[in-house]
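Below is one structure, written out as structure tokens; the observations come after it.
No experiment lies behind these values; they were computed from the predicted model shown. Lettering follows sequence order; numbering is per chain, from 1.
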Amino acid sequence: MCEIEWKMNFIEELKWRGLLYDMIPGTEQYLLENKARGYIGFDPTAPSLGIGNLVQIICLMHFQRAGHTPVAVVGGATGMIGDPSGKSAERNLLDEEELRFNEARVKEQLARFLDFDAGSNSAILVNNYDWFKDISLLHFLRDIGKHLTVSYMMAKDSVKSRLESGLSYTEFSYQLLQAFDFLHLYTQIDCRLQMGGSDQWGNLTSGVELIRRKTGGQAFAVTTPLVTKSDGTKFGKTESGNIYLSPGLTSPYKFYQFWLNVSDEDAVKFIRIFTFLSREEIESLGAEHAGRPHLRILQKKLAEEVTVMVHGREAYEKAVKASQILFGKSSTEELQALSEKELLEVFEGVPRHEVSRSELEAGIPVLDFLSEKTGILPSKSEARRLVQSGGLQINKVRITDIRHMVTTGSLLRGRYLLVQRGKKNYHLVMAV
RNA sequence: GGGGAGAUACCGAAGCGGUCAAACGGGGCAGACUGUAAAUCUGUUGGCUUAGCCUUCGUAGGUUCGAAUCCUGCUCUCCCCA
């Protein structure tokens, strides 16, 4: 996957990409002088990592490209506790079954991004449950808890900010668990660096501190900035929810569209963060984009790079094709020309609905079709409004008459109807 | 424990006996413009068999020809005093 480019300056790389927020003094020098091991933890709080986690994954990838050994830690143990960092309220615990399920999914995903066959700096993937499961509470308190004081732990932002609103002993202890992870990796595999998002600073330094007090050794930490959007809304979420890396939760098409729709301002920033393009390539793309912004060169390249990295070239190409059909000035004829297979591919991930073929043969009034028959809209009033405002298209034909009848005559491939609500919302209705 | 204020549609907030499906703002949805952008402009935003009808203003009752508006009980929230 990547040649060892020993001596490439990892920290320098993070800096120009806008991926460096803070680090412990001496980190850069340590990384220049040593072939290091560095880790990032991922708690399996959802059945898939989201694009918020992508920054951390990319960080590990850069780390590996710089010739170091990346260590990905799945938080099978820490996920049971819940990290209070960046959270304003106590969270509900995941039940264990769910956690183990998520853990397996997250593990599979992480494995896809790292190179486990890179010789001396092959990636390492571990689960902290493996070293936590056999530790008894008494030993943990004696061996670990003794080294950090309550006042030290209370000084962390993640704790301080929660003293008013409430923080359970469980979440309070989280930093101790994470610190122990670091200590464990430090002593077992000489891993001296931990990376993470800027909200993790407190947890990372707890680990560094624990290592220093317990072993007298020096460990390092690097944080990446929180990715923000220029309009102030939260990165990684859309109206329809989180953007996940798993194709089952966020289709490659939606994933591709997410990046394609990034604003100009964000595209400039994101292309440095989320792609591995060189500085020269990015600068030239930026200049090209500035000259002809309407072509959205940056967004297209960004969407291509990230989609290919996460879902593969083939899925990317399908997403592009689907986008062309959905957003191009495609007509009914072009839709008719698609084979059933292509049709299903293009509309993979688009909500599907079923409608009875016999009723369709008799003809269904559009309003009933949109509301009670398919559930695309919750009420007939809404269906009426949509049609009257001109926002409805069936098979790319705009329907404006509320008395319109939907019949089998308009089925694509004898089975499908493409219902479009507004510009971006598609539904595939199948006659059954 | 005592005193006061309040609960209105997705959110904020007017309304204080009929003209209220309920002003206004935000948000949402749609249209125009555009680059599948931003900004802007327009329409729309309880349901239905839609020039009409039905159900909504914390909740349960009551007064009245008629209630979001008046009265009573209940629930919850906020403020002040102890």
Side-chain angles (χ1 to χ4, degrees), chain A residues 164-165 228-241 243 250-271 274 285-304 306-307 316-331 334-335 346-351 359 362-394 396-405 418-427:
Chain A
E164 294 290 315
S165 59
T228 53
K229 291 204 294 180
S230 55
D231 63 3
T233 56
K234 204 171 175 191
F235 170 77
K237 291 211 195 302
T238 62
E239 319 75 56
S240 46
I243 302 287
T250 301
S251 70
Y253 165 75
K254 271 201 197 135
F255 188 84
Y256 171 76
Q257 284 288 325
F258 171 81
W259 296 102
L260 193 65
N261 280 317
V262 153
S263 72
D264 291 358
E265 206 178 323
D266 289 337
V268 173
K269 187 162 80 181
F270 292 175
I271 200 155
F274 294 101
L285 282 169
E288 222 183 314
H289 180 91
R292 279 167 297 170
H294 62 282
L295 295 180
R296 290 184 301 146
I297 291 161
L298 281 177
Q299 284 91 335
K300 282 178 185 164
K301 192 64 181 171
L302 172 67
E304 175 183 350
V306 184
T307 308
Y316 159 74
E317 276 160 11
K318 280 182 195 166
V320 171
K321 186 168 185 198
S323 301
Q324 280 165 354
I325 289 170
L326 298 177
F327 290 100
K329 45 212 166 321
S330 63
S331 59
E334 280 169 78
L335 282 177
V346 167
F347 300 109
E348 199 182 318
V350 163
E359 287 183 63
I364 302 173
V366 241
L367 301 188
D368 292 341
F369 175 78
L370 289 174
S371 52
E372 53 195 72
K373 300 299 180 199
T374 60
I376 290 170
L377 293 172
S379 74
K380 277 189 205 177
S381 294
E382 285 210 29
R384 184 190 318 276
R385 280 195 285 275
L386 180 72
V387 174
Q388 286 175 337
S389 64
L392 175 73
Q393 290 181 63
I394 294 178
K396 287 278 169 189
V397 176
R398 199 171 290 278
I399 308 285
T400 50
D401 181 2
I402 58 169
R403 286 161 310 182
H404 178 87
M405 300 296 277
L418 176 65
V419 178
Q420 187 176 353
R421 199 188 98 231
K423 285 190 178 116
K424 295 190 186 179
N425 304 294
Y426 290 89
H427 298 265

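Partners of E382(A) according to the salt bridge (charged side-chain N to carboxylate O under 4.0 Å, His left out) rule, which considers only residues two or more places apart in sequence or in another chain, do not exist here. Partners of Q420(A) according to the side chain to side chain donor-acceptor pair (under 3.5 Å) rule, which considers only residues two or more places apart in sequence or in another chain, are Y426(A). With sequence neighbours left out, the ring pair (Phe, Tyr, Trp, His ring centres under 6.0 Å) criterion links H404(A) to no other residue. With sequence neighbours excluded, the residues that form a side chain to side chain donor-acceptor pair (under 3.5 Å) with D368(A) are K380(A). Listed by chain and number, the residues in a side chain to side chain donor-acceptor pair (under 3.5 Å) with K321(A) are E342(A) (sequence neighbours excluded). Scored by the salt bridge (charged side-chain N to carboxylate O under 4.0 Å, His left out) test, R292(A) finds no partners at all (sequence neighbours excluded). For K373(A), the side chain to side chain donor-acceptor pair (under 3.5 Å) partners two or more places apart in sequence, or in a different chain, are E359(A).
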Measure all distances between protein nitrogen or oxygen atoms and nitrogen or oxygen atoms of nucleotides 52-57 of chain B, and list the pairs falling under 3.5 Å.
none

Protein-nucleic acid N or O pairs under 3.5 Å, nucleotides 44-48 of chain B:
unit_1: G47(B); atom_1: OP1; unit_2: S379(A); atom_2: OG; d: 2.9
unit_1: G47(B); atom_1: OP2; unit_2: R385(A); atom_2: NH2; d: 3.4
unit_1: C48(B); atom_1: OP1; unit_2: K380(A); atom_2: N; d: 2.7
unit_1: C48(B); atom_1: OP2; unit_2: K380(A); atom_2: N; d: 3.3
unit_1: C48(B); atom_1: OP2; unit_2: S381(A); atom_2: N; d: 2.5
unit_1: C48(B); atom_1: OP2; unit_2: S381(A); atom_2: OG; d: 2.5

Set out, line by line, the N/O atom pairs under 3.5 Å between protein and nucleotides 21-25 of chain B.
none

Per-nucleotide protein contact string for nucleotides 34-39 of chain B, where B marks a base within reach and S marks sugar-phosphate only (heavy atoms under 4.0 Å, - for neither): BBBS--
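Side chain to side chain, Q257(A) and S323(A) meet the donor-acceptor criterion of an N or O pair below 3.5 Å.
Non-hydrogen atoms lying under 4.0 Å from RNA chain B are contributed by L386(A), S389(A), G390(A), G391(A), all within residues 386-393 of chain A.
Backbone-only engagement by N425(A) is indicated by non-hydrogen atom pairs under 4.0 Å involving sugar-phosphate atoms exclusively.
With both pairing distances under 3.5 Å, A39(B) is matched to nothing as a Watson-Crick or G-U wobble pair.
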Please step through ring-ring contact (aromatic ring centres under 6.0 Å, His included) for the pair F274(A) and F235(A), ending with a clear verdict. CA-CA 13 Å; F274(A) 294 101; F235(A) 170 77; 5.5 Å; yes
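Side-chain contact check for L298(A) versus F270(A): every heavy-atom pair is 4.5 Å or farther apart.
Of the C1' atoms belonging to G58(B) and C53(B), the separation is 27 Å, rounded to the nearest Å. A distance of about 26 Å separates the P atoms of G18(B) and G12(B), rounded to the whole Å.
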